[in-house]
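Bear in mind the structure is a predicted one, so any value in this text is a computation, not a measurement. By convention here, the first residue in the shown sequence is residue 1.
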Amino acid sequence: MSDDNLFDRALVRLEEAANHLKIDQDVIEKLKYPRETTKTRLLIRMDDGSRKSFLAWRCRYDDTRGPTKGGIRFHPDSNIEEVETLAFWMTFKCAVMNLPYGGGKGAVRVDPRALSRSELERLSRAYVQAFATTIGPDRDIPAPDVYTNAMIMGWMADEYNQITGSVSPAVITGKPIALGGSLGRNDATARGGFYLVRHLAEELGLEENHTVAIQGFGNAGQYYAALAAADNNKVVAVSDSTGAIHKPDGLDVDKLIAAKTAGRCIADLADALGARAISPDQLLAVEADLLVPAALEDMITRANAGSIRAKVVLELANGPVTPEADTILNDRGVIVLPDILANAGGVTVSYFEWVQNRQGYYWDLEEIHSRLKKTMEREGRAIWTIGRERNVSARSAAYIHALGRLATAIEAHGTQPFFAG
Ligand code: GLU
């Protein structure tokens with residue numbers, strides 16, 4: 001098994017969790033492979049009249065617990081292995097949260113920042129044309145992921161409706177509010193992580209006004225900064241793909257978000273915010289109680305895990321800590337709140353959106369927040385308890401928790417002992 005294969009590394013979690021539970025081999029055999037992955041090419045007319053072709057995928061990893069669910073990512077480095085790994089993680093994430101979904105994921109290999117708005121729209125619509133029979137409100141439900149947003153989900157929902165000749169908002173979540181999106185979906189990933197940290201603060205050893213460093217300043221990172229600052233915590237360092245800044249007595253988060261929204265890069269903001277420009281790796285090593293990786297996978301590795309000074313790592317990104325780094329952090333007593341729990345607020349409010357679309361009745365923001373809080377606290381507490389009882393990390397506990405649910409569902413269809421009997 002190659003060490004640098006993202007998917008093989010993800011499977012190690014499954015095997016580890018299986019060792020803790022009495023699980024039928026049939027269950028592992030089912031969860032070891034994606035059910036289906038479709039690859040296609042999207043041929044787009046560019047603004048200059050030329051045509052350009054982009055690779056695209058959609059993976060439906062496992063649908064035992066319900067229709068497959070997971071975002072679509074637009075990224076220049078996207079590849080099939082990443083899509084299948086992210087779909088595997090979605091399978092476990094939905095099981096962790098007890099949402100009636102399996103796991104899926106999609107991607108287009110593209111740098112969306114190099115496209116005009118109308119090129120982006122044609123690409124988004126072409127994705128739905130290509131996967132119109134894969135997705136569906138009872139089959140596979142996409143959502144936003146890295147470099148995709150509500151506007152893109154709106155184009156995609158509209159394209160699906162045109163193809164099917166009916167209006168089915170539940171085919172996709174993370175839509176604009178005006179097209180059946182849910183209140184509270186925009187900050188749901190960060191808010192879920194925030195509720196989790198607040199609920200477990202005592203166990204995590206985090207004081208009420210702790211310090212936070214955030215890697216990645218997209219949707220999840222920005223909202224986390226805003227929520228943490230509003231709760232009297234100090235955001236002392238942030239980074240984006242251009243660079244990082246550090247200010248030990250706390251950054252002005254409102255100014256930071258306003259500048260970022262206006263299209264500025266973090267690397268250019270040091271002076272305006274009275275902060276020091278640092279390197280992205282230095283961000284991981286700043287003095288902060290809580291480190292929030294909110295960018296991409298494989299950011300915390302064997303090479304830099306030893307320099308992390310935080311007590312707690314909250315994985316708002318998917319897969320930001322490699323297994324080797326995980327072991328280093330564990331050995332050093334750093335608590336890692338794992339992605340399949342920490343960032344599950346996003347898919348949880350996606351689920352609320354889907355429920356509202358199907359019932360045609362919409363909840364107010366208070367209702368969304370209180371349901372999200374309850375779900376994060378319930379599953380966070382359950383995982384914390386498993387970790388303590390079995391003396392395992394929060395990550396192992398989360399996988400044990402999810403695998404228990406997946407196994408029960410798979411076993412309900414009948415496994416070998418049943419047929420042998
Ligand atoms: N892309 C997000 C994730 O990785 C959200 C998925 C969803 O809402 O379906 O969890």
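- Here the CH2 atom belonging to Trp155 is positioned 10.0 Å from the CE atom belonging to Met153, to the nearest 0.5 angstrom.
- Between the side chains of Tyr101 and Asp63, no donor-acceptor pair of N or O atoms lies under 3.5 Å.
- To the nearest 0.5 Å, the span separating SG on Cys59 from CD1 on Ile80 amounts to 8.0 Å.
- Looking at heavy atoms from C-beta onward, Tyr147 lies out of side-chain contact with Ile152 at the 4.5 angstrom threshold.
- In terms of modelled atom types and a separation under 3.5 Å, the side chain of Asn304 and the main chain of Thr301 share a donor-acceptor contact.
- Asp240 and Thr242 are linked by a side-chain donor-acceptor pair at a separation below 3.5 angstrom, with hydrogens and angles left out of the test.
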Problem set entry | Derivation of the side-chain contact (heavy atoms from CB on, under 4.5 Å) call for Leu329 and Ile308 | CA-CA 8 Å; Leu329 294 173; Ile308 288 174; 4.1 Å; yes
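- Looking at Arg191 and His369, their side chains do bring a donor and an acceptor atom within 3.5 Å of each other.
- For the pair Phe352 and Thr375, the minimum side-chain heavy-atom distance is below 4.5 Å.
- Residues Lys69 and Ser350 have side chains in contact (heavy-atom distance under 4.5 Å, counting atoms from C-beta outward).
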For this session: I would like to know whether Leu204 and Leu337 meet side-chain contact (heavy atoms from CB on, under 4.5 Å); could you show each step before the answer?
Result: CA-CA 10 Å; Leu204 299 171; Leu337 295 172; 3.9 Å; yes
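- Between the side chain of Thr91 and the backbone N or O of Ala87, at least one donor-acceptor pair lies under 3.5 Å.
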For this session: Could you walk me through whether Asp62 and Thr64 pass the side-chain hydrogen bond (donor to acceptor under 3.5 Å, both in side chains) test, one step at a time?
Result: CA-CA 6 Å; Asp62 183 80; Thr64 311; 2.8 Å; yes
For this session: Could you go through the side-chain contact (heavy atoms from CB on, under 4.5 Å) check for Leu123 and Leu115 one step at a time?
Result: CA-CA 9 Å; Leu123 185 71; Leu115 299 185; 3.9 Å; yes
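- For the pair Gly380 and Leu200, the tightest heavy-atom approach, listed with the atom from each and the gap, is O-CD1, 4.4 Å.
- Contact check for Ile300 versus Pro293: side-chain heavy atoms found under the 4.5 Å cut-off.
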Exercise. Does the side-chain hydrogen bond (donor to acceptor under 3.5 Å, both in side chains) test come out yes or no for Gln215 and Ser239, once each step is laid out?
Worked result: CA-CA 5 Å; Gln215 178 193 51; Ser239 69; 5.3 Å; no
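- A heavy-atom distance below 4.5 Å is not found between the side chains of Arg73 and Thr148.
- Nearest approach of Val286 to Ala213, heavy atoms of both residues: CG2-CB, 3.8 Å.
- Under a 3.5 Å cut-off, the side chain of Arg371 and the backbone N or O of Glu366 do not form any donor-acceptor pair.
- A donor-acceptor contact under 3.5 angstrom links the side chains of Asn318 and Asn343, judged on distance only.
- Proximity of a side-chain donor or acceptor of His210 to a complementary backbone N or O of Glu207 within less than 3.5 Å is detected.
- Between atom OG1 of residue Thr322 and atom CG of residue Asp298 there is a gap of 6.5 Å, rounded to the nearest 0.5 Å.
- Put simply, the side chain of Arg395 never gets that close to the backbone of Val336: no donor and acceptor are under 3.5 Å apart.
- Considering all non-hydrogen atoms of both residues, Leu283 and Val238 come closest at CD1-C, 3.4 Å.
- Atom CD of Glu202 sits in a sparse spot, with 12 or fewer heavy atoms from other residues, nucleotides or ligands closer than 6.0 Å.
- When every heavy atom of Ala220 is checked against every heavy atom of Thr189, the shortest pair comes out as CB-CG2, 4.2 Å.
- For the residue pair His246 and Gln282, no side-chain donor N or O sits within less than 3.5 Å of a side-chain acceptor on the partner.
- Closest of all the heavy-atom pairs between Arg122 and Ile44 is O-CD1, 3.8 Å.
- Side-chain contact between Asp140 and Pro67 is absent, with no heavy-atom pair separated by less than 4.5 Å.
- When atom types are taken as modelled, the side chain of Arg358 and the backbone of Ala170 share no donor-acceptor pair closer than 3.5 angstrom.
- Between atom OG of residue Ser182 and atom CH2 of residue Trp354 there is a gap of 14.0 Å, rounded to the nearest 0.5 Å.
- Annotation for Met97 and Arg378: closest pair O-NH2, 3.8 Å, computed over non-hydrogen atoms.
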Problem set entry | Ile257/Tyr223 under side-chain contact (heavy atoms from CB on, under 4.5 Å): CA gap, chis, key distance, verdict | CA-CA 9 Å; Ile257 292 175; Tyr223 280 117; over 6 Å; no
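- Atom CZ of Arg198 is separated from atom CG of Asn233 by 9.5 Å, given to the nearest 0.5 angstrom.
- At least one donor-acceptor pair closer than 3.5 Å links the side chain of Asn79 to the backbone N or O of Glu82.
- Between the OG1 atom of Thr348 and the CG atom of Leu372 there is a distance of 6.0 Å, given to the nearest 0.5 Å.
- Side-chain contact between Lys30 and Val27 is absent, with no heavy-atom pair separated by less than 4.5 Å.
- Under a 4.0 Å N-O distance rule, the pair Arg125/Glu121 qualifies as a salt bridge.
- Within a 6.0 Å radius of CZ in Arg309, more than 12 heavy atoms belonging to other residues, nucleotides or ligands are found.
- The closest side-chain donor-acceptor pair between Asn98 and Arg65 falls under 3.5 angstrom.
- Salt bridge annotation for Arg276-Asp271: absent, with no cationic side-chain nitrogen under 4.0 angstrom from a carboxylate oxygen.
- The backbone N or O of Ser116 lies less than 3.5 Å from a partner atom in the side chain of Glu119, making a donor-acceptor pair.
- Aromatic rings from Tyr61 and Trp89 are positioned such that their centres are separated by 6.0 Å or more.
- Judged purely by atom type and a 3.5 angstrom limit, Asp111 has no side-chain atom pairing as donor or acceptor with the backbone of Pro76.
- The only option from Lys93, Arg405, Lys374, Lys373 that meets the salt bridge (Lys or Arg N to Asp or Glu O under 4.0 Å) definition with Glu379 turns out to be Arg405.
- Residue-environment remark: CG (Asn19) exceeds the threshold of 12 foreign heavy atoms within 6.0 Å.
- Counting only N and O atoms by type, the side chains of Glu84 and Thr37 include a donor and acceptor under 3.5 Å apart.
- Taking the six-membered ring for Trp and thresholds of 30 and 60 degrees, Phe88 and Tyr399 have nearly parallel ring planes, at less than 30 degrees apart.
- Around CG of Asp249, the count of heavy atoms belonging to other residues, nucleotides or ligands within 6.0 Å exceeds 12.
- A side-chain donor-acceptor contact under 3.5 Å links Ser53 and Arg41.
- For Ser168 (side chain) and Val171 (main-chain N/O), no donor-acceptor pair under 3.5 Å exists by modelled atom type.
- Two residues are said to be in side-chain contact when any heavy atoms from C-beta on lie closer than 4.5 Å; Met156 and Tyr160 fail this criterion.
- Around the NZ atom of Lys32, the shell of radius 6.0 Å holds more than 12 heavy atoms that belong to other residues, nucleotides or ligands.
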